[in-house]
Amino acid sequence: FTMNLYLFVYDLMQFCGHSWIFTNMIIRFMTFGKDSLADTFHTIGLVMRLCQLLSVLEILHILIGIDKSRLLPRFLQITERIIVLFVVINSQEEVQGKSVVCILFFLWNLLDVVRYTYNMLARMGIYYLPLTWLNFSLCIPLYPLSVLAKGFAICVSLPYFESFGTYSIKLPFPFTFSIYFPYVLKMYLLVLFAGMCFIIQNLFSERMAHLGTNSIKNKRS
């Protein structure tokens, strides 16, 4: 009961954070139109970073056994966001005003508002079929779109990493070792899209497990 209450509070905190971000983005877009895209990061970036840092706890939840989700898919999804948000977007102010950042945040928060709503109700043993369907179906088209947005954000950031030398390391003599960070990001793009195939396969498996005929009958009963 204690662990279930803790998980409910965690999901509630994440739901409140992502709902605030999602609502804020919609209201700003309806009020200012396309002009709102340029300062999306400066307006909601702090709350977004807090929510993503908090999501690292989900890996711990799986490791200690209070969450029965699969570790590797969740680990990949969380680390993708952490890398793109903190390493790529947060470190390059020129990237923060790009429209792709607003699109990426919109996709992330749309998925998370649905997911944490479903999780909160599930902690209380409440399962609404439309919400269950939405939770396990919406991620299948939106997750690949978010990966494309992540890849585009990385591509947009490459010229700035090249010109500013951010995170690139060149050790002085007698060492002949150097790290050119744009090359690291280009290699990460391959990892990102390879991981996408694995995660999509896992999303289909989860959907089948939760939306199969027997699962629906059991939850209704």
Side-chain angles (χ1 to χ4, degrees), residues 18 21-22 24-26 28-29 32-56 58-59 72-113 115 138-171 177-204:
H18 288 289
I21 296 171
F22 191 69
N24 189 290
M25 291 181 66
I26 293 177
R28 284 177 53 79
F29 184 78
F32 303 107
K34 293 183 179 179
D35 294 336
S36 65
L37 304 182
D39 61 347
T40 294
F41 183 84
H42 297 285
T43 305
I44 64 174
L46 177 60
V47 181
M48 192 71 196
R49 280 172 283 180
L50 290 174
C51 288
Q52 296 308 316
L53 284 175
L54 191 62
S55 70
V56 176
E58 296 179 26
I59 299 175
L72 184 56
R74 196 75 199 111
F75 175 80
L76 290 176
Q77 288 177 295
I78 292 173
T79 53
E80 284 173 7
R81 293 191 181 189
I82 294 293
I83 290 172
V84 172
L85 179 58
F86 287 92
V87 177
V88 176
I89 299 174
N90 189 62
S91 66
Q92 299 296 337
E93 188 173 351
E94 291 77 7
V95 179
Q96 295 169 10
K98 303 293 184 182
S99 299
V100 67
V101 174
C102 184
I103 295 171
L104 190 57
F105 284 7
F106 181 84
L107 293 173
W108 284 354
N109 285 280
L110 177 58
L111 287 170
D112 285 340
V113 167
R115 184 164 70 91
L138 189 65
C139 55
I140 292 176
L142 292 191
Y143 174 72
L145 289 178
S146 72
V147 172
L148 291 175
K150 293 172 194 172
F152 187 75
I154 291 174
C155 292
V156 168
S157 71
L158 287 175
Y160 303 107
F161 279 105
E162 291 172 354
S163 59
F164 298 140
T166 310
Y167 301 134
S168 294
I169 301 173
K170 187 175 182 180
L171 298 179
F177 178 76
S178 63
I179 297 177
Y180 187 57
F181 196 70
Y183 289 161
V184 177
L185 287 178
K186 290 176 183 178
M187 289 188 291
Y188 180 69
L189 281 173
L190 299 177
V191 176
L192 186 65
F193 285 101
M196 179 184 71
C197 299
F198 171 75
I199 292 174
I200 289 176
Q201 183 180 8
N202 181 71
L203 292 175
F204 274 107

- [ ] Mind checking the CG-CG spacing from L142 to L111? Nearest 0.5 Å is all I need.
- [x] 5.0 Å
Open item on the list: More than 12 heavy atoms of other residues, nucleotides or ligands under 6.0 Å from CD of E93: yes or no?
Closed with: no
- [ ] Might you work through the side chain to side chain contact (heavy atoms under 4.5 Å, CB included) test for L138 and L110, ending with a clear yes or no?
- [x] CA-CA 9 Å; L138 189 65; L110 177 58; 4.1 Å; yes
- [ ] If a pair satisfies salt bridge (charged side-chain N to carboxylate O under 4.0 Å, His left out) and one of its residues is in residues 140-149, list it, with sequence neighbours excluded.
- [x] none
Open item on the list: Can you list everything that forms a ring pair (Phe, Tyr, Trp, His ring centres under 6.0 Å) with Y167? Sequence neighbours excluded, please.
Closed with: F181
- [ ] Could you tell me which residues satisfy side chain to side chain donor-acceptor pair (under 3.5 Å) with T43, sequence neighbours excluded, listed by chain and number?
- [x] none
- [ ] Determine the minimum heavy-atom distance between M48 and L85, stating which atoms define it.
- [x] O-CD2, 4.1 Å
Task: Gap between atom CG of L50 and atom OG of S55 - 0.5 Å precision - done: 11.0 Å
- [ ] Would you list the pairs meeting salt bridge (charged side-chain N to carboxylate O under 4.0 Å, His left out) in which at least one residue belongs to residues 194-204, sequence neighbours left out?
- [x] none
Open item on the list: Tell me the closest heavy-atom pair linking Q52 and I82, and the distance in Å.
Closed with: O-CD1, 3.6 Å
Open item on the list: Quick check: closest heavy atoms across C51 and I21, and the distance to 0.1 Å?
Closed with: SG-CD1, 4.4 Å
Task: Min side-chain heavy-atom separation V191-Y188 under 4.5 Å - done: yes
Open item on the list: I'd like to check F198 versus L72 (side-chain heavy atoms, cut-off strictly below 4.5 Å). Are they in contact?
Closed with: yes
- [ ] Locate the shortest heavy-atom distance separating S91 from F161; write the atom from each residue and the value.
- [x] OG-CZ, 3.5 Å
Task: side chain to side chain contact (heavy atoms under 4.5 Å, CB included) between D112 and F22, intermediate numbers included - done: CA-CA 10 Å; D112 285 340; F22 191 69; over 6 Å; no
- [ ] Not counting sequence neighbours, list each pair that qualifies as a salt bridge (charged side-chain N to carboxylate O under 4.0 Å, His left out) and has a residue in residues 32-48.
- [x] R28-D39
Open item on the list: Applying side-chain contact (heavy atoms from CB on, under 4.5 Å), can you list everything that pairs with I59, at least two apart in sequence or on another chain?
Closed with: L63, L71, F75, I78
TODO: Enter the distance from L158:CG to K186:NZ here, rounded to the nearest 0.5 Å.
DONE: 6.0 Å
TODO: List for me each residue that meets ring pair (Phe, Tyr, Trp, His ring centres under 6.0 Å) alongside Y180, sequence neighbours excluded, and say none if there are none.
DONE: Y183
Task: P159 vs P182 side-chain heavy atoms within contact, under 4.5 Å - done: no
Task: Taking every non-hydrogen atom, the tightest pair across C139 and P144 - done: O-CD, 4.0 Å
Task: Spacing of I44 atom CD1 and H18 atom NE2 [to the nearest 0.5 Å] - done: 10.5 Å
TODO: Name all residues meeting the side-chain contact (heavy atoms from CB on, under 4.5 Å) criterion together with N202; count only those two or more places apart in sequence or in a different chain, and write none if there are none.
DONE: R70, P73, E206
- [ ] Can you establish whether the number of heavy atoms outside Y143 located under 6.0 Å from its atom OH is more than 12?
- [x] yes
Name each donor-acceptor pair under 3.5 Å that joins a side chain in residues 94-106 to protein atoms two or more places apart or in another chain, with its distance.
residue: Q96; atom: NE2; partner: I89; partner atom: O; Å: 3.2
residue: Q96; atom: NE2; partner: N90; partner atom: O; Å: 3.2

Task: I140: partners by side-chain contact (heavy atoms from CB on, under 4.5 Å), with sequence neighbours left out - done: L203, F204, R207
Open item on the list: Could you measure the distance from the CE atom of M25 to the OG atom of S36? Nearest 0.5 Å is fine.
Closed with: 8.0 Å
Open item on the list: List the residues meeting side-chain contact (heavy atoms from CB on, under 4.5 Å) with F193, not counting sequence neighbours, and say none if there are none.
Closed with: V147, L148, L189, M196
- [ ] Among residues two or more places apart or on two chains, list those pairs meeting salt bridge (charged side-chain N to carboxylate O under 4.0 Å, His left out) that have a residue in residues 149-159.
- [x] E80-K150
TODO: Specify the closest pair of heavy atoms between S157 and V88, including all atoms of both residues, with the distance to one decimal.
DONE: OG-CG1, 3.4 Å
